[in-house]
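Residues: numbered from 1 along the sequence shown.
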Amino acid sequence: MPFAERLNELIDQLSEGNKAAFARLCGVQESSIRQYAAGTKPSLDNLIAISAATAKSIDWLVRDDGAQISAEPEEGKGLLDTFALVPRYDVRASAGLGAVVPSEEILEYLAFRREWLTRLGVSPSNAILSEITGDSMEPTIPDGALILINTAVDKVMNGFIYAIRRDDELLVKRVQIRVDGTVVLISDNPRYEREEFPADKAVSLHVVGQVVWNAFALVGKGRL
């Protein structure tokens, strides 16, 4: 249980073993922290919150040290110096009318070159993966594509694509913010209408992160 072990280590270091104090530090419910410390897998939002509050990367929090490989693909560097393990969550972001989030468990980790992530402007500690379901973002992002999300978003920029949580739904849409505070969610597929949220309704939208990359298999069903 690498995450539980590292979490308990952080609780001891930062809160002298006090789970309630650690929960307040992270802005996470104490009951959740206790469950995670006992071995329950963290939700996506809470993992991000713990990473931010403790200045520890998601890679460090969830990586299984037992899986480290001593081979050196680049001179003077081990694999985990060259590659970052990015978690893929059991969450299908909807590029359609909205899909209920079934769970937030980590399915697997995919390796990405740290240098490549840096060129995208993404820190490995802020990188997560999810799958798209629906065709509203086609042709930009096809149904079944895997998307890379940068969770470090200081502000939303007009015209870019974001993963957005609305209640129990996870959407992927292009975003426009008007001067009056209205948030417009735009589908690249012209068959879908824009959704507009006035400023007082936009508070129900939570930006998970910016979608910076996607990939899709050209054979088989396409889904991973």
Side-chain angles (χ1 to χ4, degrees), residues 43-49 58 86-110 112 116-117 119-123 126-224:
S43 70
L44 173 57
D45 287 347
N46 285 348
L47 180 60
I48 293 170
I58 292 176
V86 178
R88 181 167 82 93
Y89 281 85
D90 186 20
V91 175
R92 289 186 177 178
S94 174
L97 299 178
V100 176
V101 177
S103 73
E104 291 184 336
E105 291 200 359
I106 297 172
L107 291 176
E108 62 182 346
Y109 300 94
L110 277 69
F112 289 80
W116 181 81
L117 290 172
R119 291 204 304 270
L120 287 181
V122 182
S123 168
N126 298 318
I128 60 174
L129 294 162
S130 182
E131 184 182 320
I132 280 286
T133 180
D135 64 353
S136 75
M137 291 305 293
E138 292 184 352
T140 309
I141 306 177
D143 180 27
L146 187 68
I147 57 173
L148 177 65
I149 302 171
N150 179 12
T151 63
V153 177
D154 295 327
K155 63 179 181 179
V156 174
M157 297 179 291
N158 281 335
F160 288 84
I161 300 173
Y162 294 87
I164 299 170
R165 185 185 295 276
R166 180 178 63 188
D167 298 325
D168 290 330
E169 298 177 334
L170 188 63
L171 305 171
V172 170
K173 299 291 181 183
R174 203 173 292 277
V175 176
Q176 177 187 9
I177 301 178
R178 295 176 178 162
V179 292
D180 63 357
T182 298
V183 176
V184 185
L185 302 184
I186 304 168
S187 300
D188 284 8
N189 188 332
R191 294 195 300 108
Y192 290 81
E193 295 183 358
R194 298 183 175 197
E195 295 184 81
E196 297 188 7
F197 297 82
D200 61 331
K201 301 293 185 182
V203 294
S204 65
L205 304 176
H206 171 68
V207 176
V208 175
Q210 182 181 357
V211 179
V212 297
W213 173 87
N214 79 92
F216 182 73
L218 297 177
V219 295
K221 294 183 178 180
R223 299 190 185 280
L224 294 178

If we only count heavy atoms from C-beta on, is the [X] to [Y] side-chain gap below 4.5 Å?
| X | Y | answer |
| --- | --- | --- |
| Lys173 | Arg166 | no |
| Val175 | Leu185 | yes |
| Thr133 | Asp143 | yes |

For the student: nearest non-hydrogen atoms of Val86 and Ala127, plus distance:
CG1-O, 3.4 Å

Minimal heavy-atom distance between Ser136 and Ser187, with the atoms involved, is O-CB, 3.2 Å

Side chains of Asp180 and Thr182 only: does a donor on one sit below 3.5 Å from an acceptor on the other?
yes

Show every side-chain hydrogen bond (donor to acceptor under 3.5 Å, both in side chains) that has at least one partner inside residues 196-219, sequence neighbours left out.
Arg178-Glu196

Looking at [X] and [Y], would you say the former's side chain and the latter's main chain have a donor-acceptor pair under 3.5 Å?
| X | Y | answer |
| --- | --- | --- |
| Thr151 | Val208 | no |
| Asn150 | Val122 | no |
| Tyr192 | Met137 | no |
| Asn158 | Ile177 | yes |

Which value, rounded to the nearest 0.5 Å, describes the distance between [X] atom [atom1] and [Y] atom [atom2]?
| X | Y | atom1 | atom2 | value |
| --- | --- | --- | --- | --- |
| Leu171 | Ile164 | CG | CD1 | 7.0 Å |
| Ile132 | Ile147 | CD1 | CD1 | 4.0 Å |
| Leu146 | Leu129 | CG | CG | 5.0 Å |
| Arg194 | Ile186 | CZ | CD1 | 4.0 Å |
| Leu148 | Leu110 | CG | CG | 10.0 Å |

So, applying side-chain contact (heavy atoms from CB on, under 4.5 Å) with Tyr162, which one of Val156, Val211, Val172 is it?
Val156

Can you list everything that forms a side-chain contact (heavy atoms from CB on, under 4.5 Å) with Ala202? Sequence neighbours excluded, please.
Val183, Phe197

When you look at Tyr89 and Leu170, which way does the side chain to side chain contact (heavy atoms under 4.5 Å, CB included) test go after all the steps?
CA-CA 12 Å; Tyr89 281 85; Leu170 188 63; over 6 Å; no

Hits for side chain to side chain donor-acceptor pair (under 3.5 Å) against Asp188, two or more places apart or cross-chain, chain-then-number order -> Thr140, Arg174

